[in-house]
Visitor: 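Can you read through this structure? Questions will come right after.
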Amino acid sequence: NDYDNVSAYGTTRGRASTLSPYLNFDPSYLDTQQPEFIFPEGASRQRGRFELAFSQIGASVMGGATIGGATGLYNGIRQTALAGHTGKLRMTQVLNYTMKQGANVASSLGVIAVMYSGTGVLLSLARGSDDEVNTVASGAITGLLYKSSAGLKTCLKGGAVGLALTSAYCAYTSDRIRNFFK
């Protein structure tokens, strides 16, 4: 019976897997040999440092708020239990710990992300390329700048931490570095 092989869209069940249920047409009629994404003429096929900066900053702030909030919640529960607070007073104190710690960590990580992204964009513009050198240099400069008000020794430690973190990131993600050691 032909009616048993007809789907709700009027095609046979053999072709129903290619039928788009959202647009109510058969996508096999479209030419899919062309690229699926549209890029301006001569543009690179990946997002640049400036475009990535926004997601990096946002992710850093949200991650900092999450980590700081969880730490504040733990500290708030522990401190209010030690102080013997109960009821609404304890709930208010726990909330204060959570919000204050969350905001502090979110702010700190947001500032670090803005510094890192800004120096990365500036280095990318100055050098004319976006590579691992910019990433490592941005990390070191960010660490130096972030800890610059704490004295020379702490400033150098901050730069070393930034250099180490971005070097580890590049070693983990860079195909060029992996191919170099093969």
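Both backbone and side-chain heavy atoms feed into the values below; hydrogens, waters and symmetry mates do not. Just so you know, residue 1 is the first one in the sequence shown, and it goes up from there.
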Visitor: Looking at R90 and H85, what are the two nearest heavy atoms and their distance?
Guide: CD-O, 3.3 Å
Visitor: For S129 and N134, which heavy atoms make the closest approach, and how far apart are they?
Guide: O-ND2, 2.6 Å
Visitor: Begin with the C-alpha distance, continue with both residues' side-chain angles, and end with the deciding distance and a verdict on side-chain contact (heavy atoms from CB on, under 4.5 Å) for S138 and L123.
Guide: CA-CA 8 Å; S138 295; L123 285 172; 3.7 Å; yes
Visitor: Give me the atom names and distance for the closest heavy-atom approach of T119 to I141.
Guide: CG2-CG2, 3.7 Å
Visitor: Answer yes or no: is there a side-chain heavy-atom contact under 4.5 Å between V105 and T71?
Guide: no
Visitor: Which value, rounded to the nearest 0.5 Å, describes the distance between I67 atom CD1 and S108 atom OG?
Guide: 11.5 Å
Visitor: Check whether any side-chain heavy atom of I112 sits under 4.5 Å from a side-chain heavy atom of S60, and report yes or no.
Guide: no
Visitor: When rounded to the nearest 0.5 angstrom, what distance separates CG in L82 from CG in N75?
Guide: 10.5 Å
Visitor: How close do S117 and I57 get, heavy atom to heavy atom, and via which atoms?
Guide: OG-CG1, 4.0 Å
Visitor: Report yes if the side chains of L144 and L156 come closer than 4.5 Å at any heavy-atom pair, otherwise no.
Guide: yes
Visitor: State the CG-OG1 distance between L95 and T80, to the nearest 0.5 angstrom.
Guide: 11.5 Å
Visitor: State whether Y116 and R49 meet the cation-pi test: NZ (Lys) or CZ (Arg) under 6.0 Å from the six-membered ring centroid, and within 45° of the perpendicular axis.
Guide: yes
Visitor: State, with a plain yes or no, whether a side-chain heavy atom of Y169 is found less than 4.5 Å away from one of T135.
Guide: yes
Visitor: Less than 4.5 Å apart, any side-chain heavy atom of Y97 and any of Q101?
Guide: no
Visitor: Indicate the atoms forming the closest heavy-atom contact of D130 with S124, along with that distance.
Guide: CB-OG, 3.8 Å
Visitor: Which atom names give the shortest non-hydrogen contact between G110 and V61, and what distance separates them?
Guide: CA-CG2, 3.6 Å
Visitor: Could you list the donor-acceptor pairs under 3.5 angstrom formed between side-chain atoms of residues 145-153 and any protein atom two or more places apart in sequence or on another chain?
Guide:
| from | atom 1 | to | atom 2 | distance (Å) |
| --- | --- | --- | --- | --- |
| S148 | OG | L145 | O | 2.9 |

